[in-house]
Each structure stands twice: as structure tokens, then as C-alpha cells.
Trainee: 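Okay, here's the structure, questions in a sec.
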Amino acid sequence: MKHSTTPQTRRGHRGGPARRIGRTLALVLPVFLVLSGTLAVTRVNWTGSPSSSALTASDVSGAEVSSTSVSRAPQDVLRDQLIAELQNKNPGVVLTHLQQAVNGRPSLARHCTSIARAVGQAAERMYGATRAQSYARPVCDTSYASGVLAAAHS
């Protein structure tokens with residue numbers, strides 16, 4: 001039996017359709033995520049006013065912003081807005097808005113725990129411990145639930 005001294009080429013060395021799809025996703029997915037995150041942030045009302053309509057990025061250029069809202073940190077504005085929203089909406093809706101805000105503006109993630117806890121405490125004062133606890137879900141770990149519990153025992 002004679003052995004060949006020329007190296008054998010591997011089949012599929014350059015990759016098949018799955019590899020091409022993977023490369024395409026690797027290039028397109030980060031661009032899509034950045035654009036979708038940017039668009040989500042433009043839909044969040046960062047002004048601090050508890051109005052039901054959110055400002056878009058194009059609205060901000062023509063809007064007058066008061067000096068008090070400029071000096072406030074975004075996490076404080078969001079916390080106050082969500083607590084005010086409890087007047088008209090149940091805590092489940094407010095927690096959804098908190099999650100959307102954190103997803104849309106990742107810099108708020110480090111404040112998510114304190115915001116959820118404050119929302120939980122406010123919900124306990126408004127709904128009572130049992131009813132407020134029924135809205136608990138894993139937004140920012142269990143901070144909402146611990147806020148309800150802390151307010152109930154204080």
C-alpha cells in the first residue's frame with residue numbers, strides 16, 4: 001500500500017452555510033442591539049414630569065427643561081416618576097416600566113435595586129403588605145419584595 005506524501009485537504013475548511021450565517025449575525029447583531037437600545041432610550045420620559053406621554057429625542061431639542069430637573073440625577077427622576085405612577089397604575093405595570101428603563105439605559109442598572117425597593121415601600125403604603133406583595137416579581141432581584149417587607153415592619 002502506497003501512502004501519499006501530499007497533505008489531504010479537509011472538507012468544509014472554509015465553512016458551510018451555518019458558518020456564513022454565524023459570521024453575518026456576528027456583524028449585524030451588535031449594530032442592531034445598539035440601535036434598538038438607542039431608540040428605546042429616546043422613548044423614556046427623563047424629564048421627571050409624571051405626564052403619560054413620553055418625550056422623543058426630537059422633542060427634547062425644542063422643549064424647555066427647568067433648572068431643577070437638570071440638576072437631578074436620572075435615577076432620582078426615574079424613581080420619583082415610578083412612585084408617582086403608582087397613583088394611577090398597579091405595581092406590576094410600574095415594575096415593567098422600571099425594567100424597560102433599565103434595559104433602555106444600562107447605566108441605571110446599578111440603581112435598579114434602590115429604585116425597586118423604594119417602589120416596593122411606596123406600594124406597601126398604598127396597597128398594604130399582602131396586596132403589594134402579590135405584585136412582586138424578579139425585577140432587580142427581589143428588591144421590590146424586600147421594600148414591601150421593610151415598609152410593613154417599620
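Scope of the values below: all heavy atoms of this structure, side chains included, with no hydrogens, waters or symmetry mates.
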Trainee: Shortest non-hydrogen contact from I83 to A122?
Mentor: CG2-CB, 4.0 Å

Trainee: Roughly how far, to the nearest 0.5 Å, is the CG atom of L95 from the CG atom of L82?
Mentor: 8.5 Å

Trainee: Say whether M126 and V148 are linked into one hydrophobic cluster, either directly or through other cluster members, by side-chain heavy-atom distances under 4.5 angstrom.
Mentor: yes

Trainee: Listed by chain and number, what are the salt bridge (charged side-chain N to carboxylate O under 4.0 Å, His left out) partners of R79, not counting sequence neighbours?
Mentor: D76

Trainee: Could you state whether L149 and Y144 fall into the same hydrophobic cluster, counting links through intermediate Ile, Leu, Val, Met, Phe, Trp or Tyr residues with side-chain heavy atoms under 4.5 angstrom apart?
Mentor: no

Trainee: Report yes if some heavy atom in the side chain of T96 is under 4.5 Å from a heavy atom in the side chain of R137; otherwise report no.
Mentor: yes

Trainee: So, using side-chain hydrogen bond (donor to acceptor under 3.5 Å, both in side chains) as the criterion, who are the partners of N90 when residues are at least two apart?
Mentor: none

Trainee: For a 4.5 angstrom cut-off between non-hydrogen side-chain atoms, does Q99 reach N103?
Mentor: yes

Trainee: Looking only at heavy atoms, which two atoms of A129 and A152 are closest? And how far apart?
Mentor: CB-CB, 3.7 Å

Trainee: Do L78 and L98 have side chains that get closer than 4.5 Å, going by heavy atoms?
Mentor: yes

Trainee: Do the side chains of Q75 and R110 get nearer than 4.5 Å, heavy atoms only?
Mentor: no

Trainee: Which heavy atom of T113 sits nearest a heavy atom of S143, and at what distance?
Mentor: CG2-OG, 2.9 Å

Trainee: Considering only residues two or more places apart or on different chains, which pairs with a residue in residues 119-136 satisfy side-chain hydrogen bond (donor to acceptor under 3.5 Å, both in side chains)?
Mentor: none

Trainee: Among residues at least two apart in sequence or on other chains, which ones pass side-chain contact (heavy atoms from CB on, under 4.5 Å) with S114?
Mentor: H111

